[in-house]
Amino acid sequence: MLNYRSIVDRYLIPHLGRFRLSKLRTRTVQRAMDAVCRQVVRGGRLISPGSVSRIRAVLRSALSEARRQGIVGHNPARNLRLPNGARPHAVVWDDEHEAVWRETGVRSRVAVWDLDNLTRFLEAVRDDPTPRPAGVGGTPGPDPGTQPDRP
């Protein structure tokens, strides 16, 4: 979870800290937010739209306060364009996507295996005694009729 301090330290200072407030323009702030939107976070994913919205909210709040205090004449973070936050679409995880991931470390937020990848996985774990949750590995969960009755 991002809090004000981590947002300022992790995102705002690295991208905007070298600019004087009085010289900050909307184009500069937009470029900084575009760079934030391209950042890769844990798990090799792009930063989430929700996190980007929180970062923008902190920046807008700070610049609104600077405007109230007369430090800046306008809030350059007021009309930023951000990703819409729509749910990601699943991408079929095939050899091409795997090659890009191995080369760059970046992968789609939601991916499903193609038949070849699923087959490789199932063959690799065939003799593994670790139980898998229902539905993992391309198999349906247990038949409800086979579940033991609970008291």
Side-chain angles (χ1 to χ4, degrees), residues 1-126 128-141:
M1 182 70 165
L2 295 174
N3 59 31
Y4 285 141
R5 171 65 64 191
S6 66
I7 287 172
V8 169
D9 292 343
R10 237 187 267 174
Y11 300 103
L12 298 181
I13 290 175
H15 291 286
L16 295 169
R18 67 181 182 272
F19 297 100
R20 294 181 61 96
L21 279 178
S22 61
K23 302 292 182 187
L24 206 54
R25 300 291 176 256
T26 301
R27 183 182 351 191
T28 306
V29 175
Q30 182 67 58
R31 286 181 184 156
M33 290 304 295
D34 290 345
V36 167
C37 290
R38 291 188 301 269
Q39 277 193 250
V40 175
V41 296
R42 281 183 286 158
R45 292 172 297 202
L46 291 175
I47 189 169
S48 74
S51 293
V52 172
S53 291
R54 284 189 290 280
I55 293 165
R56 180 181 68 167
V58 170
L59 179 60
R60 283 183 65 182
S61 176
L63 290 172
S64 290
E65 182 60 29
R67 184 167 187 246
R68 278 190 290 278
Q69 293 182 17
I71 297 170
V72 295
H74 75 288
N75 185 342
R78 185 167 180 229
N79 296 315
L80 295 179
R81 291 179 297 2
L82 297 180
N84 64 9
R87 288 181 175 261
H89 295 284
V91 174
V92 176
W93 189 257
D94 55 15
D95 293 337
E96 180 181 334
H97 285 96
E98 183 179 354
V100 170
W101 167 69
R102 288 187 184 282
E103 183 178 319
T104 65
V106 176
R107 63 176 173 79
S108 302
R109 290 184 63 202
V110 178
V112 293
W113 285 332
D114 65 3
L115 187 56
D116 291 336
N117 282 303
L118 177 60
T119 303
R120 275 193 302 181
F121 170 76
L122 290 174
E123 287 172 354
V125 299
R126 180 182 316 177
D128 186 343
T130 307
R132 289 185 290 283
V136 173
T139 59

Exercise. Could you check if a side-chain atom of R56 sits within less than 4.5 angstrom of a side-chain atom of V36, using non-hydrogen atoms only?
Key: no

Quiz item: If you count the non-hydrogen atoms of other residues, nucleotides and ligands that lie under 6.0 Å from OH in Y4, is the total more than 12?
Solution: no

Quiz item: For the atom pair CG (L46) and SG (C37), what is the distance rounded to the nearest 0.5 Å?
Solution: 9.0 Å

Exercise. Heavy atoms only: give me the nearest D9-P14 pair and the separation to one decimal.
Key: O-CD, 3.3 Å

Quiz item: Are side-chain heavy atoms of L24 and V72 found at a separation under 4.5 Å?
Solution: no

Self-check item: Partner residues of R38 under the side chain to side chain donor-acceptor pair (under 3.5 Å) criterion, sequence neighbours left out
Solution: none

Practice problem: Could you tell me whether R68 and E65 have a side-chain N and a carboxylate O separated by less than 4.0 Å? | Solution: yes

Self-check item: Close side-chain approach of R126 to E123, heavy-atom, < 4.5 Å
Solution: yes

Quiz item: Could you state the interatomic distance from OG (S48) to CZ (R54), rounded to the nearest 0.5 Å?
Solution: 5.5 Å

Quiz item: Atom CG of D34 and atom CZ of R81: how far apart are they, to the nearest 0.5 Å?
Solution: 6.5 Å

Self-check item: A57 backbone acceptor or donor facing S61 side chain under 3.5 Å
Solution: no

Quiz item: Is the closest side-chain donor-acceptor distance between R67 and S64 under 3.5 Å?
Solution: no

Self-check item: Distance (rounded to the nearest 0.5 Å) between W113 CH2 and E98 CD
Solution: 10.5 Å

Self-check item: Note, I47 side chain near Y11 side chain (heavy atom, < 4.5 Å)
Solution: yes

Practice problem: For residues V91 and V110, determine if any side-chain heavy atom of one lies less than 4.5 Å from a side-chain heavy atom of the other. | Solution: no

Quiz item: With a 4.5 Å limit on heavy-atom distance, are the side chains of H97 and V92 in contact?
Solution: no

Quiz prompt | D116 and T119 side chains, donor-acceptor separation under 3.5 Å | solution = no

Quiz item: Rounded to the nearest 0.5 Å, what separation is found between the CE atom of M33 and the CD1 atom of I55?
Solution: 5.5 Å

Quiz item: Is there a side-chain contact between L63 and L21 (heavy atoms, below 4.5 Å)?
Solution: yes

Practice problem: Working to the nearest 0.5 Å, report the span between NZ of K23 and CZ of R25. | Solution: 7.0 Å

Exercise. Sort out for me which residue in R10, R31, Q39 forms a side chain to side chain donor-acceptor pair (under 3.5 Å) with H15.
Key: Q39

